[in-house]
Amino acid sequence: DPVHNAHLILARQAIETLALEKVLLVPAAISPLKKAAPVASGEVRLAMLRAAIKGEPEFEVDECELLRPPPSYTIDTVEEIRRRECDASIYCLIGEDNVEQLPRWHRFAELQKMVRFVVLDRSGKQPSHSYPLIHRRIDISATEIRRRVAQNKSIRYFVPESVEEIIQREKLYREQLQ
């Protein structure tokens, strides 16, 4: 929150490295393990995602988690995708920062039998896990973007231009000095 270029670059690299047909981008309603709710509303985050991937046929936005009551459990999403696409192999792309929390995920034992976890790493640090890794050193974070907006600094090149336009129009992240 917001979607940024590192997300998109790593998703593209996952498609190429793993020979994926597509990547589904799923904005969460409310993540049960995050301390704070998303800053932007689900509707605005959905608009930013759609704007960010416009013209990218291998990227799709799936709003299923925003349509269900919170919290957003990954296993519910995977079960829903499995019902729609019963023959698909499902990879769950997660950020390196989520690996430590995986055992705490709702119904994790079942989930890890249903998906292949792939870790998207931007840090370049030695991994402490055995999951497949998509690595590219990219020093862009949503926290930094929100901070830059709050400080009235440019976020050009951090996010797609269409996402920056939504952030400006909706006056997002202006109070996010953290």
**Prompt:** Okay, side chain of Asp121, backbone of His135: is any donor-acceptor separation there less than 3.5 Å?
**Reply:** no

Separation between [atom1] of [X] and [atom2] of [Y], rounded to the nearest 0.5 Å:
| X | Y | atom1 | atom2 | answer |
| --- | --- | --- | --- | --- |
| Arg122 | His7 | CZ | NE2 | 5.5 Å |
| Gln112 | Ile75 | CD | CD1 | 10.0 Å |
| Ile9 | Ile134 | CD1 | CD1 | 13.5 Å |
| Ile155 | Glu164 | CD1 | CD | 4.5 Å |
| Phe59 | Leu20 | CZ | CG | 10.0 Å |
| Tyr173 | Thr143 | OH | OG1 | 10.5 Å |

**Message:** Regarding Thr77 and Arg68, do their side chains bring together a donor and an acceptor under 3.5 Å, going by distance alone?
**Reply:** yes

**Request:** Classify the side-chain pair Gln101/Arg104 by whether it contains a donor and acceptor separated by less than 3.5 Å.
**Result:** yes

**Request:** Let me see the working for Lys113 and Glu110 under salt bridge (charged side-chain N to carboxylate O under 4.0 Å, His left out), right down to the final yes or no.
**Result:** CA-CA 5 Å; Lys113 293 175 186 172; Glu110 293 172 67; over 6 Å; no

What is the minimum heavy-atom distance between [X] and [Y], and which atoms define it?
| X | Y | value |
| --- | --- | --- |
| His4 | Ile145 | CB-CD1, 3.4 Å |
| Ala29 | Pro70 | CB-CB, 4.2 Å |
| Val23 | Ala11 | CG2-O, 4.0 Å |
| Ser72 | Pro32 | O-CD, 3.2 Å |
| Gly95 | Val119 | C-CG1, 4.3 Å |
| Met48 | Val3 | O-CG1, 3.9 Å |

**Request:** Output, in order, the C-alpha distance, side-chain angles, deciding distance and verdict of side-chain contact (heavy atoms from CB on, under 4.5 Å) for Trp105 and Ile94.
**Result:** CA-CA 12 Å; Trp105 284 24; Ile94 63 168; 3.7 Å; yes

Honestly curious: do [X] and [Y] fall in one hydrophobic cluster under the side-chain, below-4.5 Å linking rule?
| X | Y | answer |
| --- | --- | --- |
| Ile30 | Val44 | no |
| Tyr157 | Leu8 | no |
| Leu93 | Val115 | no |
| Tyr91 | Leu25 | yes |
| Ile15 | Ile138 | yes |

Run the salt-bridge test on [X] and [Y] with the 4.0 Å N-O cut-off and return the result as yes or no.
| X | Y | answer |
| --- | --- | --- |
| Glu56 | Arg12 | yes |
| Arg82 | Glu79 | no |
| Arg156 | Glu161 | no |

**Item:** Pair His129-Phe117, side-chain contact (heavy atoms from CB on, under 4.5 Å): steps then yes or no
**Value:** CA-CA 11 Å; His129 56 79; Phe117 284 101; over 6 Å; no

**Asked** Given the rule in the salt bridge (charged side-chain N to carboxylate O under 4.0 Å, His left out) test, do Lys22 and Glu58 qualify, once you have shown the distances and angles that lead to the verdict?
**Response** CA-CA 4 Å; Lys22 64 182 171 184; Glu58 294 162 317; over 6 Å; no

With the side chain counted from C-beta on, respond yes when [X] and [Y] share a heavy-atom pair under 4.5 Å apart, and no when they do not.
| X | Y | result |
| --- | --- | --- |
| Leu172 | Val149 | no |
| Glu96 | Lys125 | no |
| Ile90 | Met114 | no |
| Arg146 | Val39 | yes |
| Pro27 | Leu66 | yes |
| Tyr73 | Val78 | no |
| Thr74 | Phe108 | no |
| Cys92 | Val118 | no |

**Prompt:** Between Arg169 and Glu165, does a salt bridge (charged side-chain N to carboxylate O under 4.0 Å, His left out) hold up when you go through it step by step?
**Reply:** CA-CA 6 Å; Arg169 181 180 69 234; Glu165 289 169 4; over 6 Å; no

**Request:** Check the pair Glu63 / Arg45 against salt bridge (charged side-chain N to carboxylate O under 4.0 Å, His left out), numbers first and verdict last.
**Result:** CA-CA 10 Å; Glu63 61 185 288; Arg45 288 182 294 117; over 6 Å; no

